[in-house]
Novice: 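Questions regarding the structure given below will be posed in turn.
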Amino acid sequence: MSANNEYEKLLRILEEEIKGYETLVMILSKKQEAIIKGDVESLRQLVVDEQTLAKRIENIVKERNSLGLLLSNRRNRKAGVRLSELIEIAPENYKNLLQRVRYKLMSNLEQISRLNRENEYLLSFSIDFVRNMTQLIVGADVENVKIYNAKGRTFSPGENNKMLDYQI
């Protein structure tokens, strides 16, 4: 296989990787909407989709790294398989194309990182909110709070965790 064919293959692999990351960005955005809405079923399906896509992207990256290692070895370079290093050893007619693809990859990865941080924050906030609301509700009776019963008299509910006496 000639060097040009190998760089064409590298470009195809990179485009496939970019499509995978763009799909991941879309899934993470939908995941964020599901977190905000509290839509657990959608969130569950999106997590499954995300994991499936992550495995596919991982295989694409392995293929890219294998080809990168081959290209690097053919040029008798001890360079790794980083795209920036492959760009350095690439023929001139591929350098600009690879540079643009690298920029797209970096942009997508930054967007994925940002969305993951935001989703982590939203989930953490939701967990804290539920925990604090639970403590507030359960803790209300523990503090010997007086509430009104059906006859309009106050009493302490004690250990039974009732906030209201709703007898009719």
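Counting from 1, the numbers follow the sequence of the chain as shown.
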Novice: Are side-chain heavy atoms of R131 and D128 found at a separation under 4.5 Å?
Specialist: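 The answer is yes; the side chains approach within 4.5 Å.
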Novice: So, K95 side chain and E88 main chain: donor-acceptor pair closer than 3.5 Å or not?
Specialist: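 It does hold such a pair.
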Novice: To the nearest 0.5 angstrom, please state how far the CD atom of Q32 sits from the NZ atom of K37.
Specialist: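 The CD atom of Q32 sits 12.0 Å away from the NZ atom of K37.
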Novice: Would you check if there is a donor-acceptor pair between the side chains of E8 and Y94 at a distance under 3.5 Å?
Specialist: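 Judged by distance alone, the side chains do pair up.
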Novice: For A34 and L43, which heavy atoms make the closest approach, and how far apart are they?
Specialist: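 Residues A34 and L43, closest heavy atoms: CB-N, 4.0 Å.
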Novice: Do I60 and L11 share a hydrophobic cluster, counting only Ile, Leu, Val, Met, Phe, Trp and Tyr and linking them when any side-chain heavy atoms are less than 4.5 Å apart?
Specialist: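 Yes, I60 connects to L11 through the hydrophobic network.
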Novice: Restricting to non-hydrogen atoms, name the atom on P91 and the atom on Y7 that form the minimum distance, rounded to 0.1 Å.
Specialist: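 That closest heavy-atom pairing would be CD-CE1, 3.4 Å.
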Novice: Would you check if L14 and L98 make a side-chain contact, meaning some heavy-atom pair closer than 4.5 Å?
Specialist: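 Counting from C-beta outward, L14 and L98 do come under 4.5 Å.
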Novice: How long is the gap from CG on L46 to CD on E33, to the nearest 0.5 Å?
Specialist: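 L46 atom CG to E33 atom CD measures 9.0 Å (nearest 0.5 Å).
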Novice: For E120, is there any backbone N or O sitting under 3.5 Å from a side-chain donor or acceptor partner on S124?
Specialist: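 No: the side chain of S124 does not pair with the backbone of E120.
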Novice: Indicate, with yes or no, if L122 and L28 share a hydrophobic cluster defined by side-chain heavy-atom contacts under 4.5 Å among Ile, Leu, Val, Met, Phe, Trp and Tyr.
Specialist: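 L28 and L122: separate clusters.
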Novice: In the single-linkage hydrophobic clustering (I, L, V, M, F, W, Y; side-chain heavy atoms under 4.5 Å), do L24 and V47 co-cluster?
Specialist: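 No: no chain of side-chain contacts under 4.5 Å links L24 to V47.
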Novice: Would N108 and L105 count as a side chain to side chain contact (heavy atoms under 4.5 Å, CB included) here? Give the steps.
Specialist: CA-CA 5 Å; N108 282 328; L105 282 171; 5.6 Å; no
Novice: Decide yes or no on salt bridge (Lys or Arg N to Asp or Glu O under 4.0 Å) for R114 and E118, but give the supporting numbers first.
Specialist: CA-CA 6 Å; R114 180 185 53 79; E118 288 173 359; 3.0 Å; yes
Novice: Scan side-chain atoms only and decide if E17 and Y21 contain a donor-acceptor pair under the 3.5 Å cut-off.
Specialist: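 Result is yes, a qualifying pair exists.
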Novice: Just how far is it from atom CD1 of I87 to atom CZ of R82, taken to the nearest 0.5 Å?
Specialist: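 The CD1 atom of I87 sits 10.5 Å away from the CZ atom of R82.
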Novice: How far does CD of E110 sit from CG of L115, to the nearest 0.5 angstrom?
Specialist: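 E110 atom CD to L115 atom CG measures 12.0 Å (nearest 0.5 Å).
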Novice: Just wondering, do E85 and S72 contact through their side chains at under 4.5 Å, heavy atoms?
Specialist: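 Sidechains of E85 and S72: no contact.
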Novice: Donor-acceptor check, side chain of S29 to backbone of V25, threshold 3.5 angstrom: yes or no?
Specialist: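 Yes, because the side chain of S29 sits within donor-acceptor range (under 3.5 Å) of the backbone of V25.
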Novice: Show the nearest heavy-atom pair for residues R102 and S84, with the distance to one decimal.
Specialist: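 R102 and S84 have their closest heavy atoms at NE-CB, 3.7 Å.
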Novice: To the nearest 0.5 angstrom, please state how far the CD1 atom of I13 sits from the NZ atom of K62.
Specialist: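 Result: 14.0 Å between the selected atoms.
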Novice: Under 3.5 Å, is there a donor on one side chain and an acceptor on the other for E63 and N59?
Specialist: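 There is no such pair (donor and acceptor under 3.5 Å, judged by atom type) between the side chains of E63 and N59.
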Novice: Could you measure the distance from the CG atom of D39 to the CD atom of Q45? Nearest 0.5 Å is fine.
Specialist: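 D39 CG to Q45 CD: 11.5 Å, rounded to 0.5 Å.
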Novice: With clusters defined by side-chain heavy atoms of hydrophobic residues (ILVMFWY) lying less than 4.5 Å apart, directly or transitively, does I36 cluster with L123?
Specialist: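 Same hydrophobic cluster.
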Novice: Just by distance, do the side chain of S113 and the backbone of L109 share a donor-acceptor pair under 3.5 Å?
Specialist: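 Absent.
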Novice: Any ion pair linking R44 and E41 (charged N to carboxylate O, less than 4.0 Å)?
Specialist: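 Between R44 and E41 there is a salt bridge, with a charged N closer than 4.0 Å to a carboxylate O.
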Novice: Is the backbone N or O of V130 less than 3.5 Å from a side-chain atom of T134, with the two atoms forming a donor-acceptor pair by type?
Specialist: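 Yes, the answer is positive, given that a donor and an acceptor are paired below the 3.5 Å cut-off.
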Novice: Does L70 reach the side chain of L67, with side-chain heavy atoms less than 4.5 Å apart?
Specialist: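 A side-chain contact under 4.5 Å exists here.
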Novice: Minimum heavy-atom separation for L86 to G68, with atom names?
Specialist: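 Looks like CD2-O, 3.4 Å.
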Novice: Decide, yes or no, whether a salt bridge links E16 with R12 under the criterion of side-chain N to carboxylate O below 4.0 Å.
Specialist: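 Salt bridge: no.
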Novice: Let me check something: do L83 and M106 share a hydrophobic cluster, defined by ILVMFWY side-chain heavy atoms less than 4.5 Å apart, either directly or through other members?
Specialist: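 No.
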